[in-house]
Protein chains: 2
Amino acid sequence: MVTLADVARHAGVSPSTVSYVLSGKRSISEATRRRVQHAVEELGYHPNAGARALAGRRSHIIALVVPLRTDVYVPIMMEIAVSVTMAARQHGYDVLLITNDEGPDGVRRVAASGLADGVILMDVELDDERIPVLREQGIQASMIGLPADSTGLSCVDHDFAAAGAQCADHLADLGHREVAFIGYAPAVYHRHAGYAERTLTGFRERALERGLRFLHRPCEGTYESTAGTLARILADRPDTTGFVVQNENAIGPLLQLLPTSGRTVPEDASVVALCPEQLAEQYAPGLTAVTGPAQELGRVAVDQVMRRIAAAERGTDPEDELVLLAPVLTPRQSSGPLLAPVPPARRR
Amino acid sequence: MVTLADVARHAGVSPSTVSYVLSGKRSISEATRRRVQHAVEELGYHPNAGARALAGRRSHIIALVVPLRTDVYVPIMMEIAVSVTMAARQHGYDVLLITNDEGPDGVRRVAASGLADGVILMDVELDDERIPVLREQGIQASMIGLPADSTGLSCVDHDFAAAGAQCADHLADLGHREVAFIGYAPAVYHRHAGYAERTLTGFRERALERGLRFLHRPCEGTYESTAGTLARILADRPDTTGFVVQNENAIGPLLQLLPTSGRTVPEDASVVALCPEQLAEQYAPGLTAVTGPAQELGRVAVDQVMRRIAAAERGTDPEDELVLLAPVLTPRQSSGPLLAPVPPARRR
DNA sequence: TTGTAGGCGTTATCAT
DNA sequence: ATGATAACGCCTACAA
């Protein structure tokens, strides 16, 4: 193993000089800097991580806590994880993957052992039990998702309310008057998942403003449950022409089922989904969808922790931040103007 | 911060005793063991990771290198990443996420810095440029996927050949005589992705053995390309009744398109997919699918690196391993017996 | 069964 | 602008 001392010897300088050349924490003459850099490359020197962490009291690692639950669309989690990792590298940091099956203890462990200098929590719940541990351990963190109480925390999330509102606007703009909101499974609402509620609230308020009549129906997302949900919607409100789908799993079934009930998309019914681009493009016809920038989420979270770590380092109080990222609605072929009132004959 | 010395003082023993109690590397009287354990819990002691790595010359971290390319079905990557993390924890290890955009240098970095004791490479290519780095750095590793030359390496992968063979068997058993294999994009074959070729080979050989007439057609997986691929298949071999789909993205389009050409599934055409259960269940009708155990993949990879690390630790030569995990075919509603020759009238 | 002490490779504080 | 040198917290060979 090549050590800093080896490099120093090779370059004919003292170990501390090598350290300073590498950290840039003091001014070095151009001559010795070059000699050192040269020695580093020649020997293929890489600072020992353990020693650096011990002496510098920073591991240069952040922990990313990922959920096990898969009612979050999985590819998005992966996209976030990857963007977090890449963003962290830009700051000279590596990312440790922690699965939530360790629960709050996982956070305690990496914080208390000094394994990580900071933590990013994915899929935080309104009253997340990992948050008290963050405070107890005094470790810097960023939440992806919004907890009920975000004081002392930095958070970033999609602006779900805006996403919901955009759906309502889009359908209203197209002339739809009766719309249905196909949500997540009831369980998701029962545990008061923030994203589900905020989307719904955003949709509801804008729908009211725009004078839409609307229905909200939870949906498990299986083919059968979607069929049931749709049947119920059409029974309750036969004149429904606009559909907002929040549950990604219900999209496929819905698109298959609508024609079955005599509704051609987008002539007789418009569908707007809340889902990643990737998914929206996969369907035929292409899905009009509202999408949040997933990679941005990871990037912002990393920036937040880094700022907090830097602040704590220099003794100042880290600033709390709360960033909501604007979603984007991309019109595709699944939505269109309401051409004329649906003639009764066409229905059923 | 609570240090080992704090614990020692609190328990009235020497620091080394505490260390030994925790590592179990020497016999300790029941009395002092209890005193120490008690002190540990009372003070909430967690060994400092950096110090431990430095003194013990092991970081207790393995690096997981994940691909950026998304032609691998993403949820599976995540499933593997999670299973790797959980399996590693069972060995007292944590997992560092490395994205492949760092290329071989990423591996070099974590190895040379002692950040990781071992590496798991996902999505290894036949002639993977990261492998020489593993040898150069002398770091223990496990591949998920099979490189062309696996000497000196431990590898684990799905038994893709068996998967392909199972598809052929299933269709042959059902009485089909003419089948088509819808593969990945041409680019995937051009770069000689091992999994694509092995599946195809396994399918081809078994198909020959079973006397099936078959066609292989690459497919990009978009709706349009799938339509084109299907049209070509039906033009070339109008009597095709069995379809094996390897490209997950082509599944949806194919199921939508088959009825369009007068083929009802499973009465007129059987579809067998090579894809995760999760995906197969999502379709209506349920997809008959051949699935490899993704979590198992992660678990085995971790076990392999752990064994290698342990072997290297005690000076013995790590044993190379090559594990192929058997896939499972789950019959669902998309495949069925060939009832009778397709009457010409039904076609087109 | 337990204690002592040297060393792991860096960082950072003193000096010069 | 550069060099010594003392931590950093833990592990482990050596002593007792």
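Lettering follows sequence order; numbering is per chain, from 1.
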Participant: We want to know whether A/Asp320 and A/Ser154 form a side-chain donor-acceptor pair, criterion being a heavy-atom distance below 3.5 angstrom.
Facilitator: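 No donor-acceptor contact under 3.5 Å links the two side chains.
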
Participant: Is any side-chain N or O of B/Thr3 under 3.5 Å from a base N or O of D/dG9, one able to act as donor and the other as acceptor?
Facilitator: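 No, no donor-acceptor pair under 3.5 Å.
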
Participant: Can a side chain N or O of B/Arg57 be found less than 4.0 Å away from OP1 or OP2 on C/dG9?
Facilitator: yes

Participant: Strictly below 4.0 Å, N to O, side chains only: are A/Arg307 and A/Glu321 in salt-bridge contact?
Facilitator: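 The answer is yes: the pair qualifies as a salt bridge.
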
Participant: So, is A/Lys25 close to the C/dT11 phosphate, meaning a side-chain N or O under 4.0 Å from OP1 or OP2?
Facilitator: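 Looking at the OP1 and OP2 atoms of C/dT11, neither is under 4.0 Å from any side-chain N or O of A/Lys25.
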
Participant: End-to-end bend of the helix from C/dT1-D/dA16 to C/dT16-D/dA1 (five-pair axes, 10° rounding)?
Facilitator: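 The end axes of the helix from C/dT1-D/dA16 to C/dT16-D/dA1 are about 30° apart, to the nearest 10°.
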
Participant: Could you check B/Arg33 against B/Leu54 and say which one's nearest nucleotide on DNA chain C is further toward the 5' end?
Facilitator: B/Arg33

Participant: Considering only heavy atoms and no angle criterion, is a donor-acceptor pair shorter than 3.5 Å present between the side chain of A/Arg26 and the base of D/dT2?
Facilitator: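 Side chain to base: pair found, below 3.5 Å.
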
Participant: Give a yes/no on whether any side-chain N or O of B/Ser29 is located under 4.0 angstrom from OP1 or OP2 of C/dT1.
Facilitator: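 For C/dT1, neither OP1 nor OP2 has a side-chain N or O of B/Ser29 closer than 4.0 Å.
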
Participant: Should A/Arg108 and A/Glu136 count as an ion pair when the cut-off is N to O under 4.0 Å?
Facilitator: yes

Participant: Any side-chain N or O of A/Arg58 below 4.0 angstrom from OP1/OP2 of D/dC8?
Facilitator: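 It does not, given that no N or O in the side chain of A/Arg58 lies less than 4.0 Å from OP1 or OP2 of D/dC8.
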
Participant: OP1 or OP2 of C/dT4 versus the side-chain N and O atoms of B/Ser16: is any pair under 4.0 Å?
Facilitator: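 Checking B/Ser16 against C/dT4: no side-chain N or O falls below 4.0 Å of OP1 or OP2.
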
Participant: Counting any heavy atom closer than 4.0 Å, what does A/Thr32 reach on the DNA or RNA strands: base, sugar-phosphate only, or nothing?
Facilitator: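 It contacts sugar-phosphate atoms only.
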
Participant: B/Ala55 has a side chain; which of C/dC14, C/dC8, D/dC14 sits nearest to it?
Facilitator: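 From the listed options, C/dC8 comes nearest.
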
Participant: Do B/Thr17 and B/Ser14 get their side chains close enough for a donor-acceptor pair, meaning under 3.5 Å?
Facilitator: yes

Participant: Side chain of B/Ser14 only, heavy atoms from C-beta on: which candidate in C/dC8, C/dT4, D/dC10 is closest?
Facilitator: C/dT4

Participant: If the cut-off is 4.0 Å, is B/Tyr20 near the phosphate of D/dA13, judged by side-chain N/O to OP1 or OP2?
Facilitator: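 The answer is no; no side-chain N or O of B/Tyr20 sits under 4.0 Å from OP1 or OP2.
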
Participant: Quick one: which of D/dT12, C/dT10, C/dT1 gets closest to the side chain of A/Asn48?
Facilitator: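 Of D/dT12, C/dT10, C/dT1, C/dT10 is nearest to the side chain of A/Asn48.
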
